[in-house]
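Data first, discussion second: the structure below is written as structure tokens.
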Amino acid sequence: GDSVTQMEGPVTLSEEAFLTINCTYTATGYPSLFWYVQYPGEGLQLLLKATKADDKGSNKGFEATYRKETTSFHLEKGSVQVSDSAVYFCALYSGGSNYKLTFGKGTLLTVNP
Amino acid sequence: GAGVSQSPSNKVTEKGKDVELRCDPISGHTALYWYRQSLGQGLEFLIYFQGNSAPDKSGLPSDRFSAERTGGSVSTLTIQRTQQEDSAVYLCASSSNLGRGGRETQYFGPGTRLLVL
């Protein structure tokens with residue numbers, strides 16, 4: 001079955017540091033890949049997505065590239081801010097009839113000033 | 001509304017009681033999903049509604065869980081005879097049916113935090 005593995009947190013960084021959160025997946029076919037973010041007290045928000053190999057999703061300074069050869073979709077940001085503190089979830093959709101998303105367990109990021 | 005809304009935001013109940021959780025999807029979205037987020041776990045798919053079609057209930061963990069969607073809009077998730085292991089955040093999401101890209105992009109509500117004592 002489908003699965004998503006992302007690096008376990010928590011991750012603690014200083015402001016302006018470089019961020020990488022690793023995500024790898026197992027899926028049938030050619031899944032679409034997503035990063036969702038959950039700020040404290042809020043629901044999940046779509047951060048970025050990529051629907052085919054070598055696509056790069058980007059939003060708010062975050063980027064992730066769909067790497068089919070390594071089945072990965074690592075999230076990166078060059079300079080994090082305190083406001084980026086949140087839980088980040090990697091997810092995939094592999095084309096099932098119920099359109100459900102399969103999520104990783106989430107990575108808590110804390111950015112200190 | 002502008003986004004997916006859920007109520008209540010928090011619910012504390014006693015073991016054995018029934019609870020109802022409500023979800024209002026984004027206006028015009030035909031697909032609606034329920035997920036469960038347990039402590040230390042990722043999001044677990046529960047149920048999927050698409051228009052007037054029969055729902056996909058493949059993710060419901062037991063027959064104590066049920067959901068309905070009235071008029072193709074508002075949905076209610078009901079948990080009967082709650083157990084302590086039901087304590088979790090229950091998230092609702094909706095998506096449009098405009099092609100594959102539309103349907104797979106889900107928009108989430110803020111969730112209902114359920115605590116069973």
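Letters A, B, ... are given to chains in the order of the sequence lines, protein chains preceding strands, and every chain is numbered from 1.
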(message) Tell me whether B:L115 shares a hydrophobic cluster with B:V19, the cluster being built from Ile, Leu, Val, Met, Phe, Trp, Tyr side chains joined at under 4.5 Å.
(response) no
(request) Kindly check if the number of other-residue, nucleotide or ligand heavy atoms within 6.0 Å of CD (A:E8) is above 12? (result) no
(message) Taking side chain as everything from C-beta outward and backbone as N, CA, C, O, which of these in B:L43 sits under 4.5 Å from a heavy atom of chain A? Side chain, backbone, both or neither.
(response) both
(message) Between A:L44 and chain B, with a heavy-atom cut-off of 4.5 Å, which part of the residue counts as in contact: side chain, backbone, both or neither?
(response) both
(request) Tell me, yes or no, whether the heavy-atom count around A:E69 atom CD, taken from other residues, nucleotides or ligands under 6.0 Å, exceeds 12. (result) yes
(request) Indicate yes or no: at least one non-hydrogen side-chain atom of B:T105 is less than 4.5 angstrom from one of A:F34. (result) yes
(message) Would a single hydrophobic cluster contain both A:Y25 and A:L47, if residues Ile, Leu, Val, Met, Phe, Trp and Tyr are joined by side-chain heavy-atom contacts under 4.5 Å?
(response) yes
(message) Count I, L, V, M, F, W, Y as connected when their side-chain heavy atoms are under 4.5 Å apart, and connections chain through other members. Are A:M7 and A:V37 then in the same cluster?
(response) yes
(message) Please classify the contact of B:F49 with chain A as side chain, backbone, both or neither, using a heavy-atom distance under 4.5 Å.
(response) neither
(message) Quick check for you: to the nearest 0.5 Å, what is the distance between A:K100 atom NZ and B:I47 atom CD1?
(response) 13.0 Å
(message) Heavy-atom count check: over 12 atoms from other residues, nucleotides or ligands less than 6.0 Å from A:E42 CD?
(response) yes
(request) Check whether any side-chain heavy atom of B:Y33 lies under 4.5 Å from a side-chain heavy atom of A:L101, and answer yes or no. (result) no
(message) Need one label for A:Q38: side chain, backbone, both or neither, based on atoms under 4.5 Å from any heavy atom in chain B.
(response) side chain
(message) What part of B:Q37 gets within 4.5 angstrom of chain A, counting heavy atoms only: side chain, backbone, both, or neither?
(response) side chain
